[in-house]
Amino acid sequence: MRKTHPTSINFITDNLISEFSLIDRFFKRQTTNPSVAQGIGDDCALLSMPNGYELAITTDTMVENVHFFADCNPFDLGHKLLAVNLSDLASMGAKPLAVTLALTLPKVDENWLQAFADGFFALAERYSVDLIGGDTTSGSLTLTVTALGLVPTGQALRRSTAKPGDIICVTGHLGDAGLGLKINQGYDCKQPDAALKRFNQPDPQVAFGQALIGIANACIDISDGLVGDLGHILQQSQVGASIEWESLPLSEEVLNYIEDTGDWAMPLTAGDDYELCFTVSPDKVKNLTIPHTKIGVIESLPGIQLNKSGIIQSLEVKSFEHFS
Ligand code: ADP
Ligand code: MG
């Protein structure tokens, strides 16, 4: 897009590398999906759609000092920016196909860009996702990915279709990424590596999401903490939930953290786990092929009731909000 503000021209003239050679050097790669008829280089990318599929589309933005700190490792940032978008595709059961990347950069730092692109493409290659376009502008560091995926027509996993009596399940562990953030903020953990890895380079549960199609009634990815994200399923499905504390899948490090600090709510409210939370009717539980933990049941009355050592507590359904 043409710039009206005169200073934005500096982006091209003040740097040794132009916007176009930057795209060619760091972001233009051979595409691998046969559906990509046109990738980077024209005004639009072109995708052909296979019969019997719907296109799932999602966008997530990461802003410096809101989602990450200025000194954040650029490899991790490239990984995480793509991972959070692939996680949204996973939660609807979509198979990732292609992404676009909008970069707003304060300056052109070639080492930073190389590490960012390396992190981004290492994950993209793992899931055969093609980068098919984007935009590059100057300004405060802001990174946006739009991810496109394919899901069999009418079968996407939604938030609005949980039913009373459904078993509530999660993949993986809860709170490891939250512990990673605490470690970054100074918490002294004996075995920090796994939690830091989960915080810095989350794994989107792409295969698990697709395996839940036709089995799960509702699904969401846990980006803002279990209580908040399960809360979205409950609100949109107009149901409630009861959760068993003893059933929550917690790593040894998270259990140690709770013992040290008394902060037992952390694994329920901390974000960035990018595991899936889904609900399944009891007669379909036997069809589940993915590793999972059953943590509770969907109830017809609204709200979340937590059973912790025989004491029932009402949890406030609330997740992170940018404007509150
Ligand atoms: P236009 O001005 O027509 O929007 P651009 O000059 O912004 O086109 O982009 C040229 C080509 O490079 C387009 O195909 C666009 O999708 C792609 N592109 C621009 N920035 C990026 C980026 N950060 N990552 C991937 N592709 C990009
Ligand atoms: Mg453009």
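As the structure lists them, so they are numbered: ligands from 1, and atoms in each ligand from 1. Hydrogens, waters and symmetry mates are skipped; everything else that's a heavy atom, side chains included, is used.
Under the side-chain hydrogen bond (donor to acceptor under 3.5 Å, both in side chains) criterion, T61 pairs with T144, not counting sequence neighbours.
Some N or O of G41 is nearer than 3.5 Å to an N or O of ligand 1, by distance alone. At a 3.5 angstrom cut-off on N or O pairs, G134 counts as close to ligand 1. Checked by distance only, ligand 1 and I132 stay at 3.5 Å or farther apart across all their nitrogen or oxygen atoms.
Sorted by first and then second residue, the ring-ring contact (aromatic ring centres under 6.0 Å, His included) pairs involving residues 89-119 (not counting sequence neighbours) are W112-F116.
Residue-ligand proximity, G133 to ligand 1, at heavy-atom distances under 4.0 Å covers atoms 16 (O), 24 (N), 25 (C), 26 (N), 27 (C). Numbered from 1 in the order shown, with element, the atoms of ligand 1 that lie under 4.0 Å from a heavy atom of T136 read 19 (C), 20 (N), 21 (C), 22 (C), 23 (N).
Considering only non-hydrogen atoms, atom 13 (C) of ligand 1 lies nearest to D42 out of D42, L22, I40.
In this structure, K80 is positioned above the aromatic face of F199, its NZ or CZ under 6.0 Å from the six-membered ring centre and within 45° of the axis.
Ring planes of Y257 and Y187: perpendicular class, angle over 60° (limits at 30 and 60°).
Between F121 and L131, some side-chain heavy-atom pair lies under the 4.5 Å cut-off.
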